[in-house]
Structures are given as C-alpha cells and as structure tokens.
Participant: 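I have a structure here, written as structure tokens, and I will follow up with some questions on it.
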Amino acid sequence: MAEQPLQPVRRRLALQDDRAVGGPVALPLLVAYFGLSLLGWVAAAVALIVASPRLAAGDVGAAEPVLAAHLLALGFLPLAVSGGAFHLLPVMLRNPLRGERRLAIALPLLALGAWLVAPGVAYNLPAVLWPGATLLATGFTLVLVELGGLVARAPRGRMLVASRTGVSLSLFHALAALTLGAITFDRGDASVLGVSHGRWLLVHLHLAAVGWLALLILTVGRTLGPMLAQAPAAPARRLPLEEIMLTLGLWLLVAGIAADTNPVADAGGALIVVALGRFGALILRIQRMRRIEPEGPLLHLLAGAVFLAQAAILGFALLAGVGPQHRGLAAYILLLLLGWAVGVTLGHLPKLLSLSIWVWWPPGPRPKQDALYPRRLAQLEATVFACGVEVAAIGIYIGNSLVTRAGTALVTAAALLTVAVVTSIRQRHNRATATT
C-alpha cells in the first residue's frame, strides 16, 4: 500500500530501530507551520491585487510588486516547504528528526522575520529589514541544520526514495538565494563585481525558484507524485541525472544572466527545460496511469508544468529581445514564482495535512484517508488558481490593468478556497474523532 511508508515511527518501534526508520514531524508542529504559511499566502494574494497596475505596466521594481513577491517568497514558501519537508524527508531518507524543539523555535523566527523583511525590502526600510533578516537567517539556520542532518544520517547501501544529492543541492541553493538577496539589498543600486543590480536580482530569483524549489519538487515529486495518485512508482535510478542536469543548467543560466551572455544563458535554460521535461513526462505518465480521479496536488503539478513551459518560452523570447521586455519580464516572474513554485507547493499543503492527521491518529479504529480530504473543494481551488494565474499573466503581457486585476482577484479567491479546504479538513477530523 502507498500509505505504509507514512506510518509514524512510534507505531513501528517494536519492529524496527528508529535510528534507521524515519517518521513525520509531530502534527501540532506541522499545523503551526502550515497555518502561518497560509496567513502569508492570503496576504500575498491581496498584495497582488494592489500591485496589479504596476505589474501591468511592467514595473516589477515598484514597492507593491516587490512586497507581493517577498510575501510569497518569504511569508508563504519557506514555512510551507519546511513543513512539507518535515513530513516527507524523514520517511524518504529513512531516519527521524532529532530536533523538533529546535524546529519549534525556528517557526516564530521565520514568520516574524518574513513579515519584517517583506515591507523592509519593498519600501527600503533598513531599520525594519535588518532585524527581520537576522530573525529569518537564524530560523533558516535551525531548519537547515535539521534537514541537513537528515541527509547526513541517511543510511548508505539502502534504498532511499529521495536523492541525497538533490536535497543537498536544494538546501544549498536556498542558502545562496537568501545570502545573495541580503547582499543585493545592502549594496542598493550599485553594481557588484561588475554586474548590475537588476541582473543580480534575476540571479537571486532563479536561485530561489529553480535551484531551491524546482529542484526540491523534482527530487521529492518522483516519489510523492505516484504515491498521491496511487500510480506505479517511478523507475529506480543509479544516479540523480535530472537533479544534476537541472543544477548544471541553473548555474549556466545565472552565469549567462550575470555576464549578459545570451548563448550561455540559452544553454543553461535548455538544460533546465530538458531536466524538468523528463520530470514532466513522469507526471504525465502518472496522470495516464492513475487509479483515482486526480486530486488537488496532481492538478497543481500539471498546471505548474504548463506555467513553467510558458515561462521557458517567454524567457527565451526575452533573451532574444522579442516582445515587450518589461511586461514580458513581469509575466515571466509571475509564471515562474506564482504559477510554478507557489502553485505546486500550495497544491500539496492540504493533502499533506490530511495525511499527517491520518498518520498520527490514536491507536484504534480510524477513518480512511479520503474521508479527511475534501477532494472536490481542492479541485475547485486548483482550477480557480490556474485560471487566475493565466489571466493575470495575459493581462500583464498585454499591459491591461483590468485583466491583470481580474486574474489576481481569482488568485485571491483561490487563496480563500485554500483556507476553506484546510478548515474542511479540520471539521472532518473533528467529526471523525467524535464518531470513533
């Protein structure tokens, strides 16, 4: 059964050594991470509506778009991704978390730091930003130490369902993106090492969206996608070729961006497309072979793949100087950050929450997993989100503020639907608890 690897380690202490088998993070801590991430998601969605006129004008450096981007990148993604990693990676890397108290301390540091850094960067408020950056960096370090420990303790010579290399490179790129962001803000509009401020910002964006998130999605998604779709697992590999190819492509891309050398950037982008295209082929195979109706995570993953393909086409066009450059860049960032990185993460959040509730159910009778997850509501959320991102991207590209605002309004509606999905999971949990 696909559900067996998600059994908590406490249910198997009598059979296996907990030094060799991992279990998901405690439910209250996961709920706290996901709950605060949802707060950041709703705030970011509202900020996108406010930023619509600036986005339609291609003014990605204005305060409103910068605030929305950093609420997404700091207020939602780190908390949601961390919570998901705490649930999945101990099982995939076959060893338990050892510092849940440390992760509990990291949570308020990450949350408060994000809420200070986002307006601090957007409105150029160093007195707000640097205390927030200190909190954020401290919280991130605690999370990095714990997740790095999972990689270091992963048993050699045993079957793992997530690549140690992929997880390690993802964590490295997250650290690199955070560090580069701090350096770029500190230097202001001044060039660094002969590279302009704007180009360093693009490097910062790609390290985060591709090097951290896309790489982690690829690494974990090879196992998680088939499992959630109840489809056959991905074929075993001797080497993490896709992860290595994606990393090589990323560094060629950012080198080309920094050096303003289009052929190098094109080569890097092509490698990234091939690596993610191989992963996309796997997801399409899952869709064809699924045993159940596609749920929210798979719908978000499929939509994210479409947005990623659109971003790639737009990115190559921008490098070739085709189309409106400023508006094209704004649409590219929206597709890459919101449509791909945020969308795929968002789609998995409610499903992982319901799985965690099921895994940590007290001994005795418990409901089926499907009874805890509102599939139809999650499908509606995924559909509204995908429509919103597409409409907003079109509005930005053609420079129409009304169309852009309509798209971002749909995205905000999707954010509220996500809250409704999570609320429904809690209500189903309460009802199931009362009847068992």
Side-chain angles (χ1 to χ4, degrees), residues 41 44-45 47-77 118 121-122 173 177 180-181 184-185 196-214 217 250 253-254 256-258 265 268-269 272-273 276 303-319 321-346 385-386 388-401 403-405 407-408 411:
W41 167 226
L48 280 170
I49 295 179
V50 176
S52 295
R54 294 289 193 177
L55 290 171
D59 190 2
V60 294
E64 295 87 349
V66 171
L67 176 62
H70 283 82
L71 285 173
L72 291 172
L74 298 177
F76 170 69
L77 283 170
V121 171
H173 290 137
L180 181 59
T184 303
F185 180 85
S196 68
H197 176 76
R199 290 190 172 274
W200 277 128
L201 288 179
L202 287 175
V203 172
H204 167 64
L205 168 69
H206 287 89
L207 285 174
V210 178
W212 169 36
L213 293 166
I217 290 168
L250 169 67
L253 175 63
V254 297
I257 291 173
I272 292 172
V273 168
L276 291 175
V306 173
F307 293 137
L308 191 61
Q310 291 177 333
I313 294 170
L314 192 52
F316 285 122
L318 289 170
L319 288 173
V322 177
Q325 294 294 291
H326 292 294
R327 296 199 307 273
L329 177 61
Y332 172 82
I333 293 173
L334 185 90
L335 291 167
L336 183 63
L337 179 60
L338 179 63
W340 163 250
V342 171
V344 174
T345 304
L346 182 67
F385 175 87
V389 173
E390 191 66 44
V391 170
I394 292 172
I396 292 170
Y397 193 79
I398 65 176
N400 189 306
S401 179
V403 175
T404 304
R405 190 179 295 275
T408 55
V411 170

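Source: prediction; values computed, not measured.
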Participant: Could you pull out the closest heavy-atom pair between A68 and A44, with the gap in Å?
Facilitator: O-CB, 4.1 Å
Participant: Are side-chain heavy atoms of I49 and R405 found at a separation under 4.5 Å?
Facilitator: yes
Participant: So how far is it from L207 CG to H173 NE2, rounded to the nearest 0.5 Å?
Facilitator: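 Answer rounded to 0.5 Å: 6.5 Å.
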Participant: Kindly say whether S52 contributes a backbone atom to a donor-acceptor pair with the side chain of T404 at under 3.5 angstrom?
Facilitator: no
Participant: Do you know which two heavy atoms are closest between L71 and A47, and how far apart they sit?
Facilitator: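 Smallest interatomic distance, heavy atoms only, reads CD1-CB, 4.0 Å.
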Participant: Ignoring hydrogens, what is the shortest heavy-atom contact between Q325 and L318? Give both atom names and the distance.
Facilitator: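 Q325 and L318 have their closest heavy atoms at OE1-O, 3.3 Å.
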Participant: Quick check for you: to the nearest 0.5 Å, what is the distance between L308 atom CG and I313 atom CD1?
Facilitator: 10.5 Å
Participant: Quick check against the 3.5 Å criterion: does H204 have a side-chain atom that pairs as donor or acceptor with the backbone of W200?
Facilitator: no
Participant: How many angstroms lie between OH in Y397 and OH in Y332, if you round to the nearest 0.5 Å?
Facilitator: 14.5 Å
Participant: Carefully, step by step, assess D59 and H326 under the rule side-chain contact (heavy atoms from CB on, under 4.5 Å).
Facilitator: CA-CA 7 Å; D59 190 2; H326 292 294; over 6 Å; no
Participant: Nearest 0.5 Å, please: how far is CD1 in I396 from CG in L335?
Facilitator: 8.0 Å
Participant: Once rounded to the nearest 0.5 Å, what's the spacing between atom CD1 of I257 and atom CG of L319?
Facilitator: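 Between atom CD1 of I257 and atom CG of L319 there are 7.0 Å.
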Participant: Could you point out which residue of V411, L213, L72 forms a side-chain contact (heavy atoms from CB on, under 4.5 Å) with V342?
Facilitator: L72
Participant: Within a strict 4.5 Å, meaning less than it, do heavy atoms of the V210 and L276 side chains meet?
Facilitator: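 Side chain of V210 against side chain of L276, heavy atoms only: no contact under 4.5 Å found.
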Participant: Between CD of Q310 and CD1 of I394, what distance do you get to the nearest 0.5 Å?
Facilitator: 8.0 Å
Participant: Measure across A393 and A331 and return the closest heavy-atom pair with its distance rounded to 0.1 Å.
Facilitator: O-CB, 4.0 Å
Participant: Output, in order, the C-alpha distance, side-chain angles, deciding distance and verdict of side-chain contact (heavy atoms from CB on, under 4.5 Å) for L338 and L48.
Facilitator: CA-CA 10 Å; L338 179 63; L48 280 170; 3.9 Å; yes
Participant: Could you walk me through whether L55 and I333 satisfy the side-chain contact (heavy atoms from CB on, under 4.5 Å) test, starting with their C-alpha distance in whole Å, then the side-chain angles of each, then the deciding distance to 0.1 Å, before giving a yes or no?
Facilitator: CA-CA 10 Å; L55 290 171; I333 293 173; over 6 Å; no
Participant: Determine the minimum heavy-atom distance between S401 and P53, stating which atoms define it.
Facilitator: OG-CA, 3.6 Å
Participant: Using the ring-ring contact (aromatic ring centres under 6.0 Å, His included) criterion, which residues pair with W41? Sequence neighbours excluded.
Facilitator: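 Only F76 meet the ring-ring contact (aromatic ring centres under 6.0 Å, His included) criterion with W41.
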Participant: To check you understand the geometry: which heavy-atom pair defines the closest contact between L336 and A311, and what is its length?
Facilitator: N-CB, 4.3 Å
